[in-house]
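Just so it is clear, the model here is predicted, and its values are computed rather than measured. When a residue number appears, it is its place in the shown sequence, counting from 1.
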Amino acid sequence: MLVMAAGCHRESGAGPDERHTANADRGELSLLLGAGELGADWHEGGAPRTGLPPWPWEQDSCPDYRSSDYPAKSHRRSAVERYYRLSDGSSPAHHVVETYEPGWAERNVDDVRRVILRCASYSVLGSQVSFDVVDPHYLKGAGMLIRGRIAHADGPNTVTYFVMLKRGETVSTVRLPDPGSQAVVDSIAARAVARLG
């Protein structure tokens with residue numbers, strides 16, 4: 001089974017050149033969406049993890065991806081993340097909020113754009129993974145809306161939306177299984193923007 005986490009596989013930890021502060025304070029945790037903000041059927045998938053979760057855009061299953069080509073992630077100061085699950089056990093959602101060293105949040109946005117271009121479509125485990133930018137100036141320029149798709153040879157496609165928002169040196173990325181309505185995605189994105197203050 002393939003799981004779309006911006007890609008199909010995420011690195012388990014920071015590289016040796018990655019500088020960061022792993023301690024998150026209550027202020028950073030408050031930037032994460034609560035399960036109820038995704039909808040009535042959503043529940044938190046455990047306590048929010050602090051420390052430095054993997055960069056949300058790792059694509060090590062993509063043949064054109066080289067982690068070292070994306071330097072911004074090594075300039076994260078801290079990050080927090082939370083997983084969410086639906087009552088019926090279907091695809092989970094994920095939210096990560098990263099704080100960057102001065103000037104590096106914008107470079108992170110550039111790195112994400114390059115990942116999406118280089119790994120716009122690739123095969124893995126008999127399925128085709130693809131990404132397309134739905135709106136490069138989402139929410140009046142506050143972020144970017146990306147659609148990820150896994151085309152399975154033996155089953156229905158899996159569609160996931162990624163809402164990436166930037167405010168100052170903070171980047172918020174929400175991964176959400178297709179809710180079947182753009183309005184639902186927009187509503188969740190607006191809540192994530194409000195969390196950034």
Side-chain angles (χ1 to χ4, degrees), residues 1-12 15 33 38 53-74 76 79 81-84 86 90-98 100 104-166 170-190 192-193:
M1 176 176 156
L2 280 177
V3 176
M4 180 165 289
C8 294
H9 177 71
R10 298 187 319 167
E11 292 180 357
S12 59
L33 292 169
L38 300 182
W55 189 51
W57 295 96
E58 295 289 355
Q59 297 292 313
D60 30 328
S61 295
C62 171
D64 294 327
Y65 180 84
R66 283 187 308 278
S67 185
S68 60
D69 290 344
Y70 307 96
K73 64 185 173 179
S74 67
R76 296 189 296 173
E81 70 178 344
R82 180 176 284 150
Y83 284 90
Y84 313 86
L86 282 166
S90 57
S91 296
H94 178 249
H95 188 195
V96 60
V97 177
E98 307 160 291
Y100 284 83
W104 284 95
E106 187 60 41
R107 294 179 195 180
N108 173 69
V109 173
D110 293 339
D111 281 356
V112 171
R113 286 187 178 114
R114 287 191 347 224
V115 168
I116 293 167
L117 284 173
R118 284 191 185 170
C119 297
S121 182
Y122 61 92
S123 296
V124 62
L125 302 174
S127 296
Q128 191 70 25
V129 176
S130 61
F131 295 97
D132 61 286
V133 177
V134 177
D135 186 348
H137 306 290
Y138 190 54
L139 297 178
K140 300 180 182 176
M144 185 169 24
L145 178 62
I146 299 128
R147 180 176 39 240
R149 181 177 288 117
I150 300 176
H152 303 280
D154 57 354
N157 291 348
T158 303
V159 175
T160 303
Y161 284 93
F162 300 86
V163 176
M164 189 177 72
L165 308 162
K166 186 181 92 58
T170 302
V171 178
S172 173
T173 305
V174 179
R175 183 185 79 223
L176 183 70
D178 185 4
S181 163
Q182 177 77 36
V184 172
V185 175
D186 294 347
S187 175
I188 292 168
V193 168

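- In this structure, the side chain to side chain contact (heavy atoms under 4.5 Å, CB included) partners of Val193, at least two apart in sequence or on a different chain, are Leu139, Leu165, Arg167.
- Annotation: side chain of Arg82 is not in contact with side chain of Leu33 (no heavy-atom distance under 4.5 Å).
- Of all non-hydrogen atoms in Tyr161 and Asp178, the two that sit nearest each other are CE1-OD1, 3.5 Å.
- For residues 125-134, every residue pair satisfying the salt bridge (Lys or Arg N to Asp or Glu O under 4.0 Å) rule, not counting sequence neighbours, is listed here: Asp132-Arg147.
- Residues passing the side-chain hydrogen bond (donor to acceptor under 3.5 Å, both in side chains) test with Ser90, sequence neighbours excluded: Asp88.
- The side-chain hydrogen bond (donor to acceptor under 3.5 Å, both in side chains) search around Ser91 returns none, not counting sequence neighbours.
- With sequence neighbours excluded, the residues that form a side-chain hydrogen bond (donor to acceptor under 3.5 Å, both in side chains) with Arg118 are Asp69, Tyr70.
- Considering only residues two or more places apart in sequence or on other chains, Leu117 meets the side chain to side chain contact (heavy atoms under 4.5 Å, CB included) condition with none of them.
- With sequence neighbours left out, Ser181 forms a side chain to side chain contact (heavy atoms under 4.5 Å, CB included) with Ala183, Val184.
- Ala151 pairs by the side chain to side chain contact (heavy atoms under 4.5 Å, CB included) definition with Gln128, Asn157, not counting sequence neighbours.
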Q: Under the side-chain contact (heavy atoms from CB on, under 4.5 Å) rule, what do Phe131 and Val129 come out as? Steps first, then yes or no, please.
A: CA-CA 7 Å; Phe131 295 97; Val129 176; 3.9 Å; yes
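- His152 and Ser127 make their closest contact through ND1-OG, 3.4 Å (heavy atoms, listed as atom of the first residue, atom of the second, distance).
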Q | Criterion side-chain contact (heavy atoms from CB on, under 4.5 Å) on Val185 and Val163, from CA distance to verdict | A | CA-CA 8 Å; Val185 175; Val163 176; 4.0 Å; yes
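- Rounding to the nearest 0.5 Å gives a distance of 4.5 Å between CD1 of Ile116 and CH2 of Trp57.
- Counting only residues at least two apart or on different chains, the side-chain hydrogen bond (donor to acceptor under 3.5 Å, both in side chains) pairs with a member in residues 134-145 are Tyr138-Asp186.
- To the nearest 0.5 angstrom, Ser187 atom OG is 9.5 Å from Leu38 atom CG.
- Judged purely by distance below 3.5 Å, without hydrogens or angles, the side chains of Asn108 and Trp55 pair a donor atom with an acceptor atom.
- For the atom pair Ile146 CD1 and Thr173 OG1, the distance stands at 8.0 Å (nearest 0.5 Å).
- A disulfide bond (SG atoms under 2.5 Å apart) check over residues 119-164, counting only residues at least two apart or in different chains, returns the pairs Cys62-Cys119.
- With sequence neighbours left out, the side-chain hydrogen bond (donor to acceptor under 3.5 Å, both in side chains) criterion links Glu106 to no other residue.
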Q: Go through Tyr65 and Tyr122 one step at a time and tell me if the side-chain contact (heavy atoms from CB on, under 4.5 Å) criterion holds.
A: CA-CA 11 Å; Tyr65 180 84; Tyr122 61 92; over 6 Å; no
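- For residues 107-117, every residue pair satisfying the salt bridge (Lys or Arg N to Asp or Glu O under 4.0 Å) rule, not counting sequence neighbours, is listed here: Asp110-Arg113, Asp111-Arg114.
- Between the side chain of Lys73 and the main chain of Ser67, a donor-acceptor pair closer than 3.5 Å is present.
- The shortest distance between side-chain heavy atoms of Glu98 and Tyr100 falls below 4.5 Å.
- Taking the side chain as every heavy atom from C-beta outward, His94 and Phe162 never approach each other to under 4.5 Å.
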